[in-house]
Colleague: 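Sharing a structure below in structure tokens format, with a few things to ask.
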Amino acid sequence: MSRFFAGGSDSDSDSSSDSEPVIRQQVAQFTFSDEEEDVKRVVRSKKEKRYEDLTNIIKSIRNHKKIKDMSSVLTSFEEFMRAYTKALPVVMKEENGITPRIVVRALAELEDFINESWDDKDNRKNLSKNNNKALGTLRQKFRKYIKDFESDMKRFRAAPEDFAEEEDDDERDDEKGSDEEEEEKIVVPVDVPKAVSFKKEPEKVKPVKPADDSDSSDWGSDSDSDSTSSDEDAKYTSIRDRFLKKPEKGTDEAASVPAGAVGDDALKKEKKKKIETLSKKKKPKHDEMFDENEEEEEGWKVVNGTRSGASEQPKMFAKDAEIDTKLVVNKLNEVMAARGKKRTDRKMQIEFLRELRTVAETNNLGPAVAAKIRFNIVSAIFDYNPKVSGAMKLEHWSKLLEEIQELLKLLLAHEDVHLSESILDEFEEYDTAPFKIRGCMLTAVERLDDEFTKLLKECDPHSNEYVDRLKDEVTVTNIIDQVVTYVERLCNEMEICRIYLRKIDHLYYKFDPNVLKKRKAQLPANTVTSVEEMDKLCRYIYAKDQTDRLRTRAILSHIFHHALHDNWFQARDLVLMSHLQETIHHSDPATQILYNRMMANLGLCAFRHGNIKDAHLCLVDLMMTGKPKELLAQGLVPQRQHERSLEQEKVEKQRQMPFHMHINLELLECVYLVSAMLLEIPYMAAHEFDARRRMISKTFYQQLRSSERQSLVGPPESMREHVVAAAKAMRHGDWNACANFIVNKKMNVKVWDLFYEANRVREMMVKFIKEEALRTYLFTYSNVFASISVPHLADMFKLAKSKVHSVISKMIINEELMASLDDPTETIVMHRSEPSRLQALSMQLADKVTNLVDANERIFEMKQGNFFQRGGNQGYNRDRQNYRNQNQNQNWNNNRRQDNRNRGNRGNQNRGEGRDQRDHHREHHREQREHREHQREFREQRDHMRNVEYQSKAE
């Protein structure tokens, strides 16, 4: 009888069976092969399938690389991309988005292979055409595909040993009992025959466990019979006994459940129970590729993300150790030696330093040791944030403020503690005064100030979080004041200049109402205002600074602060004496941004003082570019010509100013447009018929012209529309409508109420609108009147007679208005030297026609010159058909005469005829110019005679 039906084993070993014959079962039920049984019993998860596909593809890529089959490598890489795309949901779910190590290593190896193959030019020449083309295509696709794995590739390049491949890591299979397989490998008997040990075993799901495995609930498998002895084959008397569930060790349960009685639910329960029990027995084996949820199973120990012993907490002092300064300093150096290393746990380092500080305070080791430990805690907190461009977390920020305040309190209380970066480590002194410690408090505070700015930039400026963070500025400024006191005690001029500039940066943009109150004698004379404080700090930097950058920033901040408090003349003199406008383009971007902010604020100050021209000159460079938002570092504007790269955008975002330091762009634009209106409208009226009229403000001119081109103009809504409507009213001399468009409820809310003493600014604008409207009225309608009454003008524009007299006198002196003042009759007598509207238009037309004729003549001469410089065979405007039909053997003179007869002597004249015609044209144009000159002289004489007659009549 066959041993397969007797003992349920298909082993090929030579061991015999002593079992008694049993009744032969039906062959149809048991004639299927071992492979078919395995296929039916294998239940593979989606993760297994995806990982196996990736593993097979990676192996094929490596095989193709060995023989340098570039076409096959390219094909396998494309299959890899598709397979990883399919496996990506599994990776996101099971691995929390962490790229498997085998994938990262395979990509790194492929990258090295591609680079080596591409750099080896001699080898590339020996490649076939298909392989060479495949290499180029592979390189392009790989460089595009690898962008999604840049961080993983950096980690691999930094530590390749962390990505070492293991079969268990590549084919992770928690659900199929990989742990059971490892247990099985341990307990497999040693005396396995050699022939069996090399037999290729098919994939199995549940291997048979030894008898001492307490939780084994596996079903028997035919493949396991190859590794068992003949005694194991003999212990099954029937097929039913072979497939029965094995009894558990230590229990009285028979566990004789047939295979058919166990369903899917029971199988899952057994599976779960087995995993839980094994997890209790086995020690946890950390694997980065496993999911975090698997690590949090019952019985597993939760550990941090590091893998090195360097991150483990160092042991504290021994119980019987004597705590002294040397021991604590050595322990401190031991902790700080791990600073900056790749696998250092920064959080644990901070906690250990705090514990060390507690030990030092408990044993009263002195202020020097306490200061050294606190300074290192501050440095460790700064190092906790690995991103230089990103802001630190709020809990670390609050701890940082506390530590720096305590450190400063300690340094100020003990004057014998010297903290300086010029002190070397071997010369530090902790035991006897004066104590010497290596470090720089100024650098720590400068970095604290930079971190505060980053925190403000990270917050939403319109949220309460920004307000909460802005409250920390009081603490930061107090810390800076304490550092000023500490640095002044050290008498280091360079460090004093640096800390003074930090204090200036927190002071220059803040408005102090006490300055204006003291100017009005509303406060005592000994009151110290921010202007006096700024003057003291800046003067010290002017005198002691040895670098141009600190001095330049101090000057710009000083001008900004003067302009903010309406000290127009001091601010203007500083700008003119410093000559910064000539050298500012050589400065760094941060200084150029400060210069732009200073010019914007100086323009607002000039406008408040009524200096319209100066305000326009200060603001024109900012507003002409069309991007004042970027120039003032108050935001990024999308660019039309080219897009910014990620690096450029990142750098520009780092340069942005915090929101509370912004200058209102709408206020800035409104002041610029109003200043341009007060200058441009009278100029346009005075040079209405001047063909060579220049534009004072291109931006305002464009706004005005775009409004005039509109077929239907409604009531103004935006700030720009209000200014344009006011400009149109001023052109007609309607000052009242102009003032109403500029000063109204909507404009007050948007713009004018933002000024300090807004009522004074509004009154000043109305006064300037009246004066410029008067000038525009006189320019526009002076040729209509023979004389105008001064009281009538004063009543029309609601101005005093003296003011009207002053405005008209200035216009006459500057030769803007050809008139004279008659004091007895209080009238303005027009001299009518300027032509009438029709005469002016005629003169303008004549000038344009003259210019057109001169241009046409120059073009004609240029064409004629080119014609006679051509080759003899080329005619002027020759017809292509006629040119093709010419006989190449004919004489040129015959061709010329034939062409002249056929085409009316156009374009093909000989040189003599062309010269005669050109001379004739020149003579004709010369006569025309003489005729126009005679006409012009006649008009001038006639106008002169008329003026003489008008003057005699007036007298």
Side-chain angles (χ1 to χ4, degrees), residues 446 449 453 473 477 480-481 483-484 487-488 493-519 527-609 611 614-615 617-619 621-622 631-633 657-658 660-663 668 756:
E446 286 178 342
D449 193 19
T453 305
E473 189 179 15
T477 51
I480 291 177
D481 291 337
V483 176
V484 167
V487 174
E488 287 176 347
E493 293 181 352
M494 190 60 201
E495 292 186 354
I496 292 175
C497 290
R498 286 167 58 189
I499 194 61
Y500 276 4
L501 187 62
R502 287 289 172 174
K503 189 173 182 180
I504 287 172
D505 289 341
H506 285 271
L507 186 63
Y508 79 95
Y509 64 89
K510 295 176 182 176
F511 178 76
D512 187 7
N514 291 333
V515 176
L516 301 183
K517 292 180 181 179
K518 186 177 180 180
R519 191 181 300 164
T527 304
V528 179
T529 60
S530 62
V531 172
E532 297 170 356
E533 184 74 14
M534 281 284 297
D535 190 65
K536 170 195 168 186
L537 299 174
C538 292
R539 286 182 183 275
Y540 186 88
I541 295 177
Y542 299 158
K544 304 294 183 181
D545 178 49
Q546 299 176 358
T547 61
D548 292 335
R549 184 178 184 276
L550 295 183
R551 186 184 298 108
T552 301
R553 292 188 65 86
I555 292 174
L556 295 175
S557 302
H558 203 182
I559 297 170
F560 190 102
H561 200 69
H562 274 310
L564 191 63
H565 295 89
D566 284 343
N567 295 331
W568 159 248
F569 295 103
Q570 292 89 331
R572 183 197 62 182
D573 294 343
L574 270 176
V575 172
L576 297 178
M577 289 188 299
S578 62
H579 299 283
L580 287 176
Q581 59 273 17
E582 300 173 2
T583 59
I584 193 63
H585 58 278
H586 296 299
S587 303
D588 57 292
T591 306
Q592 293 184 24
I593 290 170
L594 182 58
Y595 175 80
N596 294 336
R597 288 169 53 80
M598 180 272 296
M599 291 301 295
N601 205 31
L602 189 64
L604 295 178
C605 177
F607 184 80
R608 289 193 297 268
H609 274 262
N611 300 318
D614 294 327
L617 288 175
C618 291
L619 298 178
D621 291 334
L622 279 174
L631 295 177
L632 297 176
M657 303 297 296
H660 68 283
M661 299 175 64
H662 285 190
I663 300 174
L668 209 61
Y756 186 78

Colleague: Report, as yes or no, whether the 6.0 Å neighbourhood of atom CZ on Arg519 holds more than 12 heavy atoms from other residues, nucleotides or ligands.
Modeller: yes
Colleague: Between Arg502 and Asp505, is the closest basic N to carboxylate O distance under 4.0 Å?
Modeller: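 The answer is no: the pair does not qualify as a salt bridge.
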Colleague: Where the side chain of Arg597 meets the backbone of Met661, is there a donor-acceptor pair that is under 3.5 Å apart?
Modeller: yes
Colleague: Set out, in order, the CA-CA distance, both residues' side-chain angles and the distance that settles side chain to side chain contact (heavy atoms under 4.5 Å, CB included) for Asp548 and Arg551, then state yes or no.
Modeller: CA-CA 5 Å; Asp548 292 335; Arg551 186 184 298 108; 3.2 Å; yes
Colleague: List the residues meeting side-chain contact (heavy atoms from CB on, under 4.5 Å) with His609, not counting sequence neighbours, and say none if there are none.
Modeller: Asp566, Trp568, Cys605, Asn611
Colleague: I'd like to know if the side chain of Asp614 reaches the main chain of Ala606, judged simply by a donor and an acceptor atom lying under 3.5 Å from each other, with no hydrogens or angles considered.
Modeller: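 Side chain of Asp614 to backbone of Ala606, a donor-acceptor pair under 3.5 Å: no, none is there.
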Colleague: Could I get the full list of side-chain contact (heavy atoms from CB on, under 4.5 Å) partners for Cys618, not counting sequence neighbours?
Modeller: Met599, Leu602
Colleague: Does Lys510 have more than 12 heavy atoms from other residues, nucleotides or ligands lying within 6.0 Å of its NZ?
Modeller: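 Yes, because the 6.0 Å sphere around NZ of Lys510 holds more than 12 heavy atoms from other groups.
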Colleague: Give the table of side-chain donor-acceptor pairs shorter than 3.5 Å for residues 553-562, with sequence neighbours excluded, one pair per line with atom names and distance.
Modeller:
residue: Ser557; atom: OG; partner: Arg553; partner atom: O; Å: 2.9
residue: His558; atom: ND1; partner: Tyr542; partner atom: OH; Å: 3.1
residue: His558; atom: NE2; partner: His562; partner atom: NE2; Å: 3.1
residue: His561; atom: ND1; partner: Tyr508; partner atom: O; Å: 3.0
residue: His561; atom: NE2; partner: Ser530; partner atom: OG; Å: 2.9
residue: His562; atom: ND1; partner: Asn567; partner atom: ND2; Å: 3.2

Colleague: Working to the nearest 0.5 Å, report the span between CZ of Arg498 and CG of Leu550.
Modeller: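 Between atom CZ of Arg498 and atom CG of Leu550 there are 8.5 Å.
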Colleague: Quick one: ring pair (Phe, Tyr, Trp, His ring centres under 6.0 Å) pairs with a partner in residues 573-600, sequence neighbours left out?
Modeller: none
Colleague: Taking side-chain contact (heavy atoms from CB on, under 4.5 Å) as the test, write out the residues that go with Asn514, two or more places apart.
Modeller: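 Residues passing side-chain contact (heavy atoms from CB on, under 4.5 Å) with Asn514: Asp512, Lys517, Leu523, Thr529.
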Colleague: Taking side-chain hydrogen bond (donor to acceptor under 3.5 Å, both in side chains) as the test, write out the residues that go with Ser587, two or more places apart.
Modeller: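 Per chain and number, Ser587 pairs via side-chain hydrogen bond (donor to acceptor under 3.5 Å, both in side chains) with no residue.
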